[in-house]
Undergrad: 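Got a structure for you, questions after.
Heavy atoms only: backbone and side chains are in, while hydrogens, waters and symmetry mates are out. Here is the naming used below: chain letters follow the sequence lines, and residue numbers restart at 1 for every chain.
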Amino acid sequence: MRLLTHNMLSSNIKGVSNGFPLRIEVGKVVEKQVDFNADFLRNMFPKIEWKAFVDAAKTVGYAELPEEVDSSALESEEFLNKFHHALLELHLEEGALVCPETGRRFPVSKGIPNMLLHEDEV
Amino acid sequence: MPFRTAQIGLVSSHPEVYEPCDDSFALVDALLADRNHLLEHHPTLCMEVGCGSGYIITSLALILGQEAPGIHYIATDTNPHAVRVTSETLEAHGVHAELVNTDIALGLEKRLAGLVDVMVVNPPYVPTPEDEVGREGIASSWAGGENGRSVIDRILPIADNLLSDKGWLYMVTLICNNPSEICLQMRERGYASRIVVQRSTEEESLHVIKFWRDLDAQEDGKQMVTPNKTAPARGVMESLLSQFPLLSTWRTNSNNSS
Ligand SMILES: C[S@@+](CC[C@H](N)C(=O)[O-])C[C@H]1O[C@@H](n2cnc3c(N)ncnc32)[C@H](O)[C@@H]1O
């Protein structure tokens, strides 16, 4: 699971008002190289919740992202490289995503998060 | 050498995961037929709901492939074996999609709203008793409840929420799902529709329908639900129904095959 996916997931349990961002519990993180594409990064940048993204990156061991940015950062190749790496190349392979309100764990196994809810949570 | 679509020999499998079948091939044929439009569409995010073996999302990634780099693919399935098999199929073809084991788009609906440029769905569409829908195991790949519409009718509003302003949805339907009624419902949500592929075999007649947001459709849709029927509304009705010319013949002549 890429950090991009983490940035798109929230806890949907009945009664939870703000299930975002999910806290990451790290079991295993892997790096997979992905071709660099600046257009994709520019398209995605405005959709990313930056603070959640920076925190997620730190949790998986990458602390190179600036705490605060605006779209002028997209001019910088150095920034784009870091953004690319954190967004697409770092995968949570094993671990869990934890609902910030209830503490419910959504397991991540072989890189795939299980967001299915039990009947009493829907 | 890059493949044009997923190769059956490289598609992974599991006893409880739907194997690529006529419906899967029809959907991939629709994507191939629409390939140039898809390339011009410049999608950023593509998504499949109900990925099964991964045949379709893998094919989509290959079809758009090198000519459209930097597209992000996401696929979901309720069946945990299916998402695992899909990851093997993707890997065997050297492409990537992010996988989520979930019910339609549960967990993604909030943050992914309005971001999906292309959605593809080959849903469970076979008419079955309602209590067979969503059971564990392979039956949930086809069990569609009354008129095969249970899961389809849950997917449509979610698709509407997730699709971007320029978003397209490709969906497989069986004739007994009443596709013209699905198109009318989507028209009320502001979507135009078109049949991209039409197939009939001994057992089933299926359509792959493409939906896209269309301001005129929304206007027409509104007019259609108001009692005072206006000319454009009727025009829309007729053109929609004329897309399904074989509807009545298929109903009366079930041996019709081509
Ligand atoms: C007809 S199969 C299609 C599989 C594959 N996409 C193909 O075309 O070969 C339908 C798939 O949808 C999945 N499915 C059924 N209900 C679902 C739901 N509520 N959310 C997500 N996936 C679902 C099934 O597990 C199955 O893999």
Undergrad: Could you tell me the separation between the OG1 atom of T44(B) and the CZ atom of F40(A), rounded to the nearest 0.5 Å?
TA: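 That separation rounds to 7.0 Å.
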Undergrad: For R111(B) versus S10(A), what's the shortest heavy-atom pair and its separation?
TA: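 So the minimum-distance heavy-atom pair works out to CG-OG, 4.5 Å.
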Undergrad: If we define contacts as heavy-atom pairs under 4.5 Å, which of D35(A), L117(A), L9(A), V108(A) has the most with chain B?
TA: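 Going by pairs under 4.5 Å, I would pick L9(A).
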Undergrad: For L108(B) and M115(A), run side-chain contact (heavy atoms from CB on, under 4.5 Å): C-alpha distance rounded to whole Å, both residues' side-chain angles, the deciding distance at 0.1 Å, then the answer.
TA: CA-CA 9 Å; L108(B) 290 161; M115(A) 300 305 293; over 6 Å; no
Undergrad: Could you have a look at L22(A), N12(A), V122(A) and say which one has the most heavy-atom pairs with chain B under 4.5 angstrom?
TA: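 Top count of heavy-atom pairs under 4.5 Å with chain B: N12(A).
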Undergrad: With a cut-off of 6.0 Å (strictly less than), are more than 12 heavy atoms of other residues, nucleotides or ligands near CD of E181(B)?
TA: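 Counting other residues, nucleotides and ligands, CD of E181(B) exceeds 12 neighbours.
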Undergrad: If I measure from the heavy atoms of chain B, does F20(A) come under 4.5 Å with its side chain, its backbone, both, or neither?
TA: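 It is the side chain, since no backbone atom gets that close.
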Undergrad: Does the side chain of H6(A) reach to within under 4.5 Å of the side chain of E98(B), using non-hydrogen atoms?
TA: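 Not in contact.
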Undergrad: Tell me, side chain or backbone of N43(A) under 4.5 Å from chain B's heavy atoms, or both, or neither?
TA: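 Looking at N43(A), just its side chain touches chain B.
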Undergrad: Does NZ in K110(A) sit with more than 12 non-hydrogen atoms of other residues, nucleotides or ligands closer than 6.0 Å?
TA: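 12 or below, so no.
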Undergrad: Select one option (side chain, backbone, both, neither) describing which atoms of K47(A) are under 4.5 Å from chain B's heavy atoms.
TA: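 Answer is both: backbone and side chain atoms of K47(A) are under 4.5 Å from chain B.
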Undergrad: Does atom CD of E19(B) have more than 12 heavy-atom neighbours from other groups under 6.0 Å away?
TA: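 Incorrect, the count does not exceed 12.
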Undergrad: Let me know if T78(B) has heavy atoms under 4.5 Å from chain A in its side chain, its backbone, both or neither.
TA: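 Both parts, backbone and side chain.
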Undergrad: What is the distance from atom CG of L99(B) to atom CG of N114(A), rounded to the nearest 0.5 Å?
TA: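 These two atoms lie 12.5 Å from each other.
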Undergrad: To the nearest 0.5 angstrom, please state how far the CG atom of L106(B) sits from the CD atom of E121(A).
TA: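 If I round to the nearest 0.5 Å, the distance is 9.5 Å.
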Undergrad: Decide if atom CD of E101(A) counts as having more than 12 heavy atoms of other residues, nucleotides or ligands within a radius under 6.0 Å.
TA: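 Yes - once you tally the heavy atoms of other residues, nucleotides and ligands closer than 6.0 Å, there are more than 12.
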Undergrad: When rounded to the nearest 0.5 angstrom, what distance separates CG in L115(B) from CE in M44(A)?
TA: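 Nearest 0.5 Å value for the CG-CE distance: 6.0 Å.
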Undergrad: Among the options G107(B), G114(B), P69(B), pick out the one with the most heavy-atom pairs lying under 4.5 Å from chain A.
TA: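 The candidate making the most pairs under 4.5 Å is G107(B).
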Undergrad: Tell me if the CD atom of E91(B) is crowded by more than 12 foreign heavy atoms within 6.0 Å.
TA: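 For E91(B), atom CD is not crowded (no more than 12 foreign heavy atoms under 6.0 Å).
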Undergrad: Of all of H96(B), H42(B), R84(B), which one pairs up most often with chain A through heavy atoms under 4.5 Å apart?
TA: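 The answer is H96(B).
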Undergrad: Quick check on L87(A) against chain B: is it the side chain, the backbone, both or neither that has a heavy atom closer than 4.5 Å?
TA: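 The answer is neither part of L87(A).
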Undergrad: If you count heavy-atom pairs within less than 4.5 Å of chain B, which of N37(A), L116(A), V34(A) leads?
TA: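 Ranked by contacts with chain B, first place is L116(A).
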Undergrad: Out of curiosity, L4(A) CG to H72(B) NE2, how far, rounded to the nearest 0.5 Å?
TA: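 Output value for this atom pair is 4.0 Å.
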Undergrad: If you draw a 6.0 Å radius around CG in D131(B), do more than 12 non-hydrogen atoms from other residues or ligands fall strictly inside?
TA: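 Count over threshold, so yes.
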Undergrad: Identify which one of T102(B), N101(B), T86(B), D77(B) satisfies the side-chain contact (heavy atoms from CB on, under 4.5 Å) criterion when paired with I112(A).
TA: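 The residue from T102(B), N101(B), T86(B), D77(B) that satisfies side-chain contact (heavy atoms from CB on, under 4.5 Å) with I112(A) turns out to be N101(B).
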